[in-house]
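Counting convention: from 1, in listed order, for ligands and their atoms alike.
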Amino acid sequence: MTITYDSVKPWGRLFAEYVGMFALTESELRGKRILGCGDGPASFNVEATAQGYRITSVDPIYALTVAQIEQRIAETWQQIHAQMIRNLDMFVWTAFNNPDEVKEARLGAMRQFLADLDQGRDEGRYLDASLPDLPFEDASFDLALCSNFLFLYSENLSTDFHIAATVEMCRVAREVRIFPLMGLANQESEHVVPVIEALTARGWIVERVPVAYEFLRGANQMLRLRR
Ligand SMILES: C[S@@+](CC[C@H](N)C(=O)[O-])C[C@H]1O[C@@H](n2cnc3c(N)ncnc32)[C@H](O)[C@@H]1O
């Protein structure tokens, strides 16, 4: 099964959060070809582009118009904000002090994304594509990132889907990083070990790497896959 934008609510993170989630360094970004899988309405692409980095983002929501995505955000943000208030203990309140600060940061990121979407589409920076099928040649990217999609929605997506999606990212990029390893049930996803085993068997070096970023409590590791 493939999650569509109907079942994953639009909620976009900032460039600084991507840097934290994936422990990205300047030398890993500068001059490199970077793919973001499931970037949705994050401001990663627009902020990184403004700094001169080369980012391509794929997500099925890029099939929608700016007005359609805007409407979807308007329909869902209050629900996400209310859920956060009801579940304060699920989060680590250091980078953000409270749900209102998260709301402001996320809505700000999504506004930046929406203002950039049409131009970015024209420039080929936002492509309507879905894992596990990416429209790129082998090794087209130096690094592929996947944030808050794989593993997080473990209950909706099968182990086979996770393996196929990771194999596909490894086909198109020399290195892959996935964050977080936890599902929404606040424990490591049951798909992590099968993904590690499947990719190790294909000759990839796979490691769980601790990162400084932690917002969902306990979600402070990424999966790093290298040839
Ligand atoms: C929770 S959002 C995360 C957005 C962004 N990566 C971030 O961390 O802020 C998950 C994204 O996955 C996208 N998505 C759903 N199915 C997908 C698929 N099969 N392939 C790639 N992305 C998908 C959704 O449209 C949504 O934008």
Side-chain angles (χ1 to χ4, degrees), residues 1-22 24 34-48 55-66 68-73 75-77 79-81 83-84 95-96 102-103 105-114 116-117 120 125-136 143-158 160-169 171-173 176-184 189 191 211 213-216 219 222:
M1 172 199 161
T2 300
I3 283 194
T4 65
Y5 90 99
D6 281 331
S7 49
V8 178
K9 296 182 180 67
W11 200 231
R13 282 154 198 83
L14 300 156
F15 174 80
E17 296 187 88
Y18 270 65
V19 168
M21 291 185 288
F22 296 113
L24 295 169
I34 315 263
L35 175 67
C37 296
D39 277 345
S43 58
F44 173 60
N45 191 314
V46 56
E47 290 188 76
I55 316 290
T56 304
S57 298
V58 294
D59 196 297
I61 69 163
Y62 303 151
L64 305 180
T65 63
V66 169
Q68 286 170 321
I69 299 174
E70 215 161 24
Q71 187 190 342
R72 179 80 184 140
I73 292 168
E75 286 165 2
T76 54
W77 76 260
Q79 206 181 328
I80 301 173
H81 183 241
Q83 275 173 5
M84 203 173 279
F96 300 105
V102 181
K103 177 196 81 180
R106 299 279 182 268
L107 291 179
M110 294 192 284
R111 273 193 291 270
Q112 284 191 73
F113 156 77
L114 287 169
D116 181 53
L117 179 57
R125 289 188 285 110
Y126 297 111
L127 294 176
D128 165 23
S130 300
L131 289 168
D133 295 304
L134 297 175
F136 307 111
L143 179 60
L145 307 172
C146 184
S147 113
N148 294 292
F149 173 55
L150 291 175
F151 301 133
L152 189 61
Y153 295 95
S154 282
E155 288 175 14
N156 307 66
L157 299 166
S158 68
D160 285 350
F161 178 90
H162 278 78
I163 292 172
T166 310
V167 167
E168 180 68 347
M169 286 193 288
R171 179 184 71 74
V172 304
V176 171
R177 298 183 190 180
I178 304 171
F179 177 95
L181 305 189
M182 279 184 28
L184 288 170
S189 157
H191 308 309
V211 295
Y213 182 96
E214 182 178 356
F215 181 50
L216 186 60
M222 66 168 165

Chemist: Relative to the heavy atoms of G40, which atoms of ligand 1 are at a distance of less than 4.0 Å?
Modeler: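 Taking each heavy atom of G40 in turn, ligand 1 has 27 (O) under 4.0 Å.
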Chemist: With a 4.0 Å heavy-atom cut-off (strictly under), which part of Y62 contacts ligand 1: side chain, backbone, both or neither?
Modeler: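 For Y62, no heavy atom sits under 4.0 Å from ligand 1.
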Chemist: Mind checking whether L127 and Y62 have side chains closer than 4.5 Å, heavy atoms only?
Modeler: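 No, too far: nothing below the 4.5 Å cut-off.
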Chemist: Applying a strict 4.0 Å limit to heavy atoms, is F44 in contact with ligand 1?
Modeler: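 It does not; every heavy atom stays at 4.0 Å or beyond.
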Chemist: Below 3.5 Å, N or O to N or O, backbone or side chain included: is there any such pair between F149 and ligand 1?
Modeler: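 For ligand 1, there is no N or O atom that lies under 3.5 Å from one belonging to F149.
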Chemist: Short N/O distance, under 3.5 Å, between K9 and ligand 1?
Modeler: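 Between K9 and ligand 1 (N or O atoms, distance only) the closest approach is not under 3.5 Å.
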Chemist: Is there side-chain contact between F161 and L131, with heavy atoms separated by less than 4.5 Å?
Modeler: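 With C-beta onward as the side chain, the pair touches.
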Chemist: State whether the shortest distance between N or O atoms of P41 and N or O atoms of ligand 1 falls below 3.5 angstrom.
Modeler: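 No: no nitrogen or oxygen of P41 is under 3.5 Å from one in ligand 1.
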Chemist: Show me which atoms of ligand 1 lie under 4.0 Å from any heavy atom of A42.
Modeler: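 Numbered from 1, ligand 1 contributes 9 (O).
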Chemist: Heavy-atom contacts under 4.0 Å between P132 and ligand 1: side chain, backbone, both, or neither?
Modeler: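 The answer is neither; P132 stays 4.0 Å or more away.
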Chemist: State whether the shortest distance between N or O atoms of Y153 and N or O atoms of ligand 1 falls below 3.5 angstrom.
Modeler: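 The answer is no, given that Y153 and ligand 1 share no N or O pair closer than 3.5 Å.
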Chemist: Can you list the ligand 1 atoms lying under 4.0 Å from a non-hydrogen atom of N148?
Modeler: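 What qualifies from ligand 1 is 1 (C), 2 (S), 3 (C), 8 (O), 10 (C).
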Chemist: Number the atoms of ligand 1 from 1 as they appear, then name those within less than 4.0 Å of a heavy atom of I61, with their elements.
Modeler: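 So the answer, numbered in order with elements, is 25 (O).
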Chemist: Is it the case that Y126 and D116 place a side-chain donor and acceptor less than 3.5 Å from each other?
Modeler: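 Checked: Y126/D116 side chains pair up, N/O donor to acceptor below 3.5 Å.
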Chemist: Taking the six-membered ring for Trp and the single ring otherwise, decide whether the centroids of H191 and F151 are under 6.0 Å apart.
Modeler: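 For H191 and F151, the ring centres are not under 6.0 Å apart.
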Chemist: Please determine whether any non-hydrogen atom of C37 lies less than 4.0 Å from an atom of ligand 1.
Modeler: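 It does not, in that no heavy atom of C37 comes within the 4.0 Å cut-off of ligand 1.
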